[in-house]
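Written below as structure tokens is the structure these notes are about.
Below, chains carry the letters A, B, ... as their sequence lines are ordered, and counting in each starts from 1. Only a predicted model underlies this, so the values are computations on that prediction, with no experimental measurement involved.
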Number of protein chains: 2
Amino acid sequence: MTRDTRTRLLEASAQLFREQGYAGTGLKQITAAGGAPWGSLYHFFPGGKEQLGVEAVAHSGSRYLRLFDLVFDRAEDDVVRSVRDFFQLSAEALHKSDWADGCPIATVALEVASTSEPLRHACVEVFASWRESIARRLAGAGIPEARAADLATYVLCAFEGAIVLSRTDRDTRPLRVTADIVAGTLGAELPG
Amino acid sequence: MTRDTRTRLLEASAQLFREQGYAGTGLKQITAAGGAPWGSLYHFFPGGKEQLGVEAVAHSGSRYLRLFDLVFDRAEDDVVRSVRDFFQLSAEALHKSDWADGCPIATVALEVASTSEPLRHACVEVFASWRESIARRLAGAGIPEARAADLATYVLCAFEGAIVLSRTDRDTRPLRVTADIVAGTLGAELPG
DNA sequence: GTCTATACGGTGATAGAC
DNA sequence: GTCTATCACCGTATAGAC
């Protein structure tokens with residue numbers, strides 16, 4: 001059974017927003033990509049493009065949050081390894097998508113930070129949820145909570161920036177180089 | 001004497017692109033902000049919006065390159081201090097501009113990475129020039145050249161990501177936290 | 001040579017057919 | 001209740017007035 005129309009619209013939006021940005025993507029293009037008739041958009045999202053954007057950001061955000069947990073669970077006892085895996089997986093995904101699949105939030109976040117409070121706030125919440133997820137794992141590895149929170153922010157910043165550079169350059173090197181150095185930082189902070 | 005019309009158009013473009021993105025900024029808005037009549041745009045930029053974008057990216061890029069050099073020169077003997085200053089200055093500029101003045105390249109880079117080769121290439125060149133500038137200073141402080149290049153990439157990634165987070169959150173904390181940790185990384189790499 | 005007025009396509013949004 | 005046909009508007013680009 002194929003996903004319902006509403007979900008297809010949400011996922012088509014998320015994909016197009018991350019490739020082309022929010023302003024650069026038309027609603028017509030979204031309905032076409034989602035295989036949904038034009039009229040259904042305003043049926044499911046009466047708030048128009050902005051509501052669709054807010055929900056698409058939240059949707060992508062929670063999908064990636066689950067992916068974080070998956071990667072962390074896979075190497076439960078080695079948090080540094082998990083962070084490294086995450087950079088590695090992102091590099092592969094980016095390359096395999098012909099450099100289209102970067103961060104699903106960052107492009108929209110930069111576009112709307114000064115132009116739409118509802119959208120900006122949706123991005124704030126996603127970033128916060130990601131940071132919290134990373135911080136919890138670092139704390140679980142024995143790093144004091146306050147320090148774990150700062151390190152999580154640092155990891156996410158380095159990760160986001162590396163995606164910007166790798167996607168622009170069409171080269172996984174920024175992600176690989178940054179992963180190595182960030183892993184070194186985290187390794188030095190672990191107790192024992 | 002006021003700058004010439006062409007330059008005003010270029011700088012208005014650069015400012016609007018960084019606040020709202022490339023797709024989200026109209027040519028009408030650019031001419032209005034630059035105090036230039038509508039017709040002058042296609043006189044100075046016959047290649048239309050894309051040419052204007054390419055030149056605006058290059059213009060911002062070289063302005064920031066000069067700023068890099070200025071900050072590095074100010075504390076010539078302490079490259080870690082310079083990097084820290086750069087994060088600090090960016091945090092101040094971001095806050096003082098009411099969270100509008102982030103990176104003049106990153107927003108456009110993410111928007112166009114999959115949609116315009118000329119624009120993407122302009123962004124590639126700017127990032128490369130910035131990395132090279134940082135790498136040269138790190139090498140000058142005694143770090144082997146290959147390692148200096150990797151560290152420069154790392155610094156730029158962390159910096160770009162921190163701007164994304166700080167601008168989205170409207171909080172200088174990501175920039176401050178990341179600056180501290182990156183400074184620590186660099187400090188540990190210096191000889192002596 | 002510089003720019004005002006206009007063309008044409010695509011945008012987000014809606015009213016009314018089924 | 002679901003969606004097709006249409007709207008008014010703004011986007012980029014251009015032709016021709018000065």
Donor-acceptor pairs under 3.5 angstrom involving side-chain atoms of residues 98-110 of chain B: please list them, not counting sequence neighbours.
unit_1 : atom_1 : unit_2 : atom_2 : d
B/D101 : OD1    : B/Q15  : NE2    : 2.8
B/D101 : OD2    : B/R18  : NH2    : 3.4

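Counting heavy atoms from C-beta outward, A/F45 and A/R6 have side chains that approach closer than 4.5 Å.
For B/Q88, the side-chain contact (heavy atoms from CB on, under 4.5 Å) partners at least two apart in sequence or on another chain are B/E92. By the side-chain hydrogen bond (donor to acceptor under 3.5 Å, both in side chains) test, B/R147 pairs with B/E189, sequence neighbours left out. When the side-chain contact (heavy atoms from CB on, under 4.5 Å) test is applied to B/V54, the partners found at least two apart in sequence or on another chain are B/P118, B/L119, B/A122. With sequence neighbours left out, the side-chain contact (heavy atoms from CB on, under 4.5 Å) criterion links A/A148 to A/L138, A/A139, A/I143. By the side-chain contact (heavy atoms from CB on, under 4.5 Å) test, A/S166 pairs with A/L94, A/P174, A/L175, sequence neighbours left out.
Distances shorter than 4.0 Å separate some side-chain N or O of B/H43 from OP1 or OP2 on C/dT2.
From one end of the helix from C/dG1-D/dC18 to C/dC18-D/dG1 to the other, with five pairs defining each end axis, the axis direction shifts by 10° (rounded to 10°).
We find that CZ of A/R6 is positioned 16 Å from C1' of D/dG1, with the value rounded to whole Å. With rounding to whole Å, B/L41 atom CG is found 16 Å from C/dA5 atom C1'.
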Report summary line: Protein heavy-atom contacts under 4.0 Å, written 5' to 3' over nucleotides 9-17 of chain C as B (base), S (sugar-phosphate only) or - (none), form the string --BBBB---

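Residue pairs meeting the salt bridge (Lys or Arg N to Asp or Glu O under 4.0 Å) criterion with at least one member in residues 148-161 of chain A, sequence neighbours excluded, are A/D150-B/R173.
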